[in-house]
2 protein chains.
Amino acid sequence: MARAVPETHDEILTAATRRFAATGYRGTSLQDIAREVGCSKAAVLYHFANKEAILTELMAPAIAVLQSLDERIALATDPADAQRVAAEGFVNLAVRFRREIAVLRGDFPELLAQPAFAHIQRISERLVDALAGHPERPSARIAALVLLAGISEACGEFLDLGEEVLRPALLALVTRGLEPVDRPAPPHSSTPVPPIHTED
Amino acid sequence: MARAVPETHDEILTAATRRFAATGYRGTSLQDIAREVGCSKAAVLYHFANKEAILTELMAPAIAVLQSLDERIALATDPADAQRVAAEGFVNLAVRFRREIAVLRGDFPELLAQPAFAHIQRISERLVDALAGHPERPSARIAALVLLAGISEACGEFLDLGEEVLRPALLALVTRGLEPVDRPAPPHSSTPVPPIHTED
DNA sequence: TCAGTAGCTGACCGATCGGTCAGACTCTGG
DNA sequence: CCAGAGTCTGACCGATCGGTCAGCTACTGA
């Protein structure tokens, strides 16, 4: 049953994304993915070296955006700016990669322990610090972690909502929820909260 | 190696709570629990009918409190009161049962699908409605779901924090994050909350 | 003293997991 | 026409899973 157009590779990826998001990485067997694609388990393992390779490939785009966000946060001029960049950037990332983030739901700690995702943990920590604004203040860290985890966890529930609804709602929630950072030395600032633009 | 005092039952429960919270329900085998207790896998299955029975027993206290919270929400006089009861009640529950909630992290959807936890799903939906205040408004539902999921997800990270730090921080975050509900007929009160314009 | 029972063990079971392998099929270039 | 590459399959592997079972040990009450 060899296909003329070898699109099986991408079909496996989309099927795996659906199944991982629905029942988790560990809760999805290669047999499940093969059944959804309509091929044999061996065919899945022909296109991918192993189960983990499927995960890393389908997460790659989201991880790339996360890394670029990390770099942009590092380039922020002050903590207040870093907080703004982190908040807007993460909301955009969460909205755009809803399905991929939903994949991580559940097996997050174990998956992060894998060497392929080792650096993600460090990025996440820096993201929490930037969102908190005052990383040394427990209440600020708590707010940042709850919002980060909540958005990651919940945006898988909003797969049917349009981005134009989800994005502003999440951004408003984050803006309300995070503790504000005193800007260092406002030179001529009259607008404490600049308008929100979405850029990747 | 029969013990004089049969405390194995409770040891299994505490070991299972630790392991479930660390690696998830599915990610923990009966062998893992037995190893941590220091007995055989068969001994674990002597004290509990099956793996699910361990989970239901260790979750029972938290579920009982959740159910009583559900009843108290149902008794609220108006949506604003229901929102306040739900917010305070859930924060208290989350702080108190941090470890038990961390157990659910990950396998939540699959575990809820089990008949023993069927009613929890309905309670969770009512909890989200109460927290949202305006369940018909997408932004309100989003805020409620993100905060609910975020607190559930994140409070497992705060096992070392004291309740006196965690509880007020979470309560403040929820109060800031949730969209306020217009009280039905304010006798003499003016709106104490700052205006937040999030209309869809 | 001794039968009964609670507590526990090692051996074992069928099912399922991720992964391997030899071979078969189709298509294409020489 | 045919060799070879790309694609896919069924059969199979060892490991691990949740769960069962017969039997051993130590204690207890009659």
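These figures come from a predicted structure and were not determined experimentally. Below, chain A is the first sequence line, B the second, and so on; all start at residue 1. Note that these values count all heavy atoms, side chains included, but never hydrogens, waters or copies made by symmetry.
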5'-most contact on DNA chain D: A/Tyr46 or A/Lys41, nearest heavy atom basis?
A/Tyr46

Between A/Ala49 and B/Ala42, name the one whose nearest nucleotide on DNA chain C is closer to the 5' end.
B/Ala42

Phosphate OP1/OP2 of C/dT16: any A/Ser29 side-chain N/O under 4.0 Å:
no

What is the minimum heavy-atom distance between A/Ala53 and A/Thr56, and which atoms define it?
O-OG1, 3.0 Å

Strictly below 4.0 Å: does A/Thr8 bring a side-chain N or O up to OP1 or OP2 of D/dC8?
yes

Among the nucleotides D/dG19, C/dG18, D/dT9, which one has an atom lying closest to any side-chain atom of A/Leu30?
C/dG18

Looking at A/Lys51 and A/Leu45, would you say the former's side chain and the latter's main chain have a donor-acceptor pair under 3.5 Å?
no

Going by atom types only, do B/His47 and B/Glu11 share a side-chain donor-acceptor pair under 3.5 Å?
no

For A/Asp32 and C/dA15, give me the distance from atom CG to atom P, rounded to whole Å.
18 Å

Would you kindly give the CD-to-C1' distance between A/Glu52 and C/dG19, to the nearest whole Å?
14 Å

Is there a donor-acceptor pair closer than 3.5 Å between any side-chain N or O of B/Gln83 and the backbone N or O of B/Glu179?
yes

Nearest-Å distance, CZ (B/Phe48) to C1' (C/dG7)?
14 Å

Please check: side-chain N/O of B/Thr28 versus main-chain N/O of B/Arg19, any donor-acceptor pairing under 3.5 Å?
yes

Could you state the CD1-P distance from A/Ile12 to D/dT7, rounded to the nearest angstrom?
11 Å

Please report, rounded to the nearest Å, how far the P atom of C/dA6 is from the NE2 atom of B/His9.
15 Å

Nucleotide D/dC17, atom P - distance to CD1 of B/Ile54 in whole Å:
14 Å

Length of the NE2-P vector between A/His47 and C/dG19, whole Å
16 Å

What nucleic acid atoms does B/Leu45 come within less than 4.0 Å of, heavy atoms only: base, sugar-phosphate, or nothing?
base

Closest to the B/Ser40 side chain: D/dC17, C/dG10, C/dC17?
C/dG10

Would you mind reading off the distance between A/Lys51 atom NZ and C/dG19 atom P, rounded to a whole angstrom?
8 Å

